[in-house]
Number of protein chains: 2
Amino acid sequence: MNKYGNNSGNAAERLDIHNSEVPEVCAACEARHGGICGALDPQQLLALSKSSSRHRVSSGAELVGDAEAVDHYSNVLSGVVKLTKTLSDGRQQIVGLQFAPDFVGRPFKDESTLNAEAATDVSVCSFPKAALERMIKESAGLEHRLLQQTLKELDEARDWMVTLGRKSAAEKVASLLLLIARNINPYADPESETVEFDLPLTRADIADYLGLTIETVSRQITKLRADGVIDIRNNRHITVPDIARLEVRTGA
Amino acid sequence: MNKYGNNSGNAAERLDIHNSEVPEVCAACEARHGGICGALDPQQLLALSKSSSRHRVSSGAELVGDAEAVDHYSNVLSGVVKLTKTLSDGRQQIVGLQFAPDFVGRPFKDESTLNAEAATDVSVCSFPKAALERMIKESAGLEHRLLQQTLKELDEARDWMVTLGRKSAAEKVASLLLLIARNINPYADPESETVEFDLPLTRADIADYLGLTIETVSRQITKLRADGVIDIRNNRHITVPDIARLEVRTGA
DNA sequence: GGCGGGCTTTGACTTCGATCAACAGGCACT
DNA sequence: AGTGCCTGTTGATCGAAGTCAAAGCCCGCC
């Protein structure tokens, strides 16, 4: 079994013979709508798809190791990837969550400065670092998409800094639930007042994302449930009957 | 007095007549070494400099307001700019510090999502949003520089998330002093073990950057001084006799 | 069905940083 | 010199979140 877990397959095997058309594997791909591949024309898509491949990564498996040489990038197609940093004494902090169709990787650096790990079972489309960097040089649109994605991540990181630095434990937990509710199902009606989803994170993950302990996270979730803001089944399945009530709990 | 404070002057007034040469105002500019203007050739530099102008912004003045329409971008030439976010009830968090020759502004968005304010007296080179965005379309190199700068800021934001989420108050204060020591004087020998600088932030700013109160910041600084890790004169001038000893205090 | 291990919850107690309050130093202005 | 303001320091007390400990729940496995 390779580092991606099981069930890998090379995308190039099933390419359409008409190379002016969108490659079959890319045709219904998340990453072409909102993801970086949306910047590519059919010919470029074909070129990239020749060296790309889809993988399933099982929960807990590592996509990119901290301080490890990076030789490939990925697009998340489904599932959630957590980006973590660890201090020398073992304290850990999740610094970002990547949902479909986000890009995973740090362009223009040979070594990763963080750890990317599957929080749930994940499927990704991976391609060699060199192939993408070559394509960046040829396609201004691709670099533009990368810039847009990076700016989006920077905005999100800065929003989260406010959560980490200035919110109470109760507000932090509410903020996380809201973040997940808004990202986990990209096709949900954003106007709908009731939302339902499976938590992609364990209590330990939540604690690491919020800068809390698992006990504190558990207590705050219990309180939200006791107050009727959320409903929980099997510790993971969450129902938010009224998103606006959850928003109030985030502290703005 | 305009919103930049005093002493503004239009750069185009003193342009060299040989337009294949680097414009005089840009010749010795910080932003051409490491800043985004380094990506421009002399002709492009001339074009941009025609609509750009240098300003002095006095400490405390606002460069960009939150939720305000953005019509210009800037490069920091000297001094320190703080980027802040504020919750509806007034709690504040500094989400980034910009030193020379950093770029200030959020490309491709009409409204700012944060507040940029001069932490010290600052000098900047500003240019219209439209001029830069036009130039981005023409020069792939410029967009590449912007991407590099954005990736750098994202790395910094994520490092800081670890500080906010997982470090003790003592480690936070040490981390901040180290950050400033490393950024305030770009020409200092990075190998030198003793460093000296003026704090560009008030205790309140430090508290807002670290997610603490001013009292806690003050106590931790007092402790570092008592332990001989730093020396302070006039509340602002800091001497670090041995950078390695400060690093140990950051919790790594 | 019963066993075992991982995840989660709950409770008792401790601690770090926040809050409240008083005061000290520096500086501008009268 | 004297006053007032702003920034920073120090002390006393409080409370939110951490730590330590025990028990419950869920699920796979024998």
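In what follows, every chain begins at residue 1, and chains take the letters A, B, ... in the order their sequences are listed.
Residue B/Asp205 contributes atom CG, which lies 12 Å from atom C1' of D/dT7 at whole-angstrom precision. In this entry the distance linking CZ of A/Arg203 with P of D/dA17 reads 18 Å, nearest Å. Distance, B/Lys223 NZ to D/dT10 P: 13 Å, rounded to whole Å. Atoms CZ (A/Arg91) and C1' (D/dA17) sit 16 Å apart, rounded to a whole Å. Nucleotide D/dT9 holds its P atom 12 Å from the CG atom of B/Asn234, rounded to whole Å. Between the CG atom of A/Asn235 and the P atom of D/dC25 there is a distance of 11 Å, given to the nearest Å. Taking atom CG of residue A/Leu210 and atom C1' of nucleotide D/dA17, one finds them 13 Å apart after rounding to whole Å.
A/His55 pairs in a side-chain contact (heavy atoms from CB on, under 4.5 Å) with only one of the listed residues (A/Ser126, A/Ser74, A/Cys125, A/Ser123), which is A/Ser126.
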Show each protein N/O and nucleotides 18-21 of chain D N/O combination with a separation under 3.5 Å, one pair to a line.
residue, atom, partner, partner atom, Å
D/dG18, OP2, A/Thr213, N, 3.4
D/dG18, OP2, A/Thr213, OG1, 3.1
D/dG18, OP2, A/Thr216, OG1, 2.5
D/dT19, O4, A/Arg219, NH2, 2.9
D/dC20, N4, A/Glu215, OE2, 3.1

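Rounded to 10°, the helix from C/dG1-D/dC30 to C/dT30-D/dA1 has 30° between the axis fitted to its first five pairs and the one fitted to its last five.
Between A/Leu224 and A/Val173 there is a side-chain heavy-atom pair separated by less than 4.5 Å. Here the side chains of A/Val162 and B/Arg91 are not in contact, with every heavy-atom distance at 4.5 Å or above. Under the 4.5 Å side-chain criterion, counting only non-hydrogen atoms from C-beta, B/Leu83 is not in contact with B/Ile94. A/Val240 places a side-chain heavy atom less than 4.5 Å from the side chain of A/Phe197. Between B/Thr213 and B/Val217 there is no side-chain heavy-atom pair separated by less than 4.5 Å.
Using a 4.0 Å cutoff to heavy atoms of chain B, the contacted part of DNA chain C runs 5' to 3' from C/dG17 to C/dC20.
When each of B/Ser218 and A/Ala170 is assigned the nucleotide of DNA chain D bearing its nearest heavy atom, the one mapping closer to the 5' terminus is B/Ser218.
Not counting sequence neighbours, the partners of B/Glu193 by the side-chain contact (heavy atoms from CB on, under 4.5 Å) test are B/Asp242. By the side-chain contact (heavy atoms from CB on, under 4.5 Å) test, A/Val70 is found to be paired with A/Val64, A/Tyr73, A/Ser112, residues two or more places apart in sequence or in another chain being considered.
For the pair A/Gln93 (side chain) and A/Tyr209 (backbone), a donor-acceptor distance under 3.5 Å is present.
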Can you give each donor-acceptor pair under 3.5 Å made by side-chain atoms of residues 232-239 of chain A, sequence neighbours left out, with the distance rounded to 0.1 Å?
residue, atom, partner, partner atom, Å
A/Arg233, NH1, A/Asp231, OD2, 3.4
A/Arg236, NH1, A/Leu199, O, 2.9
A/His237, ND1, A/Asp198, OD1, 2.9
A/His237, NE2, A/Glu196, OE2, 2.9

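With a 6.0 Å radius and a threshold of 12 heavy atoms from other residues, nucleotides or ligands, B/Lys223 has its NZ atom at or below the threshold.
In this structure, A/Arg233 reaches neither bases nor backbone, as no heavy-atom distance under 4.0 Å exists between it and the strands shown.
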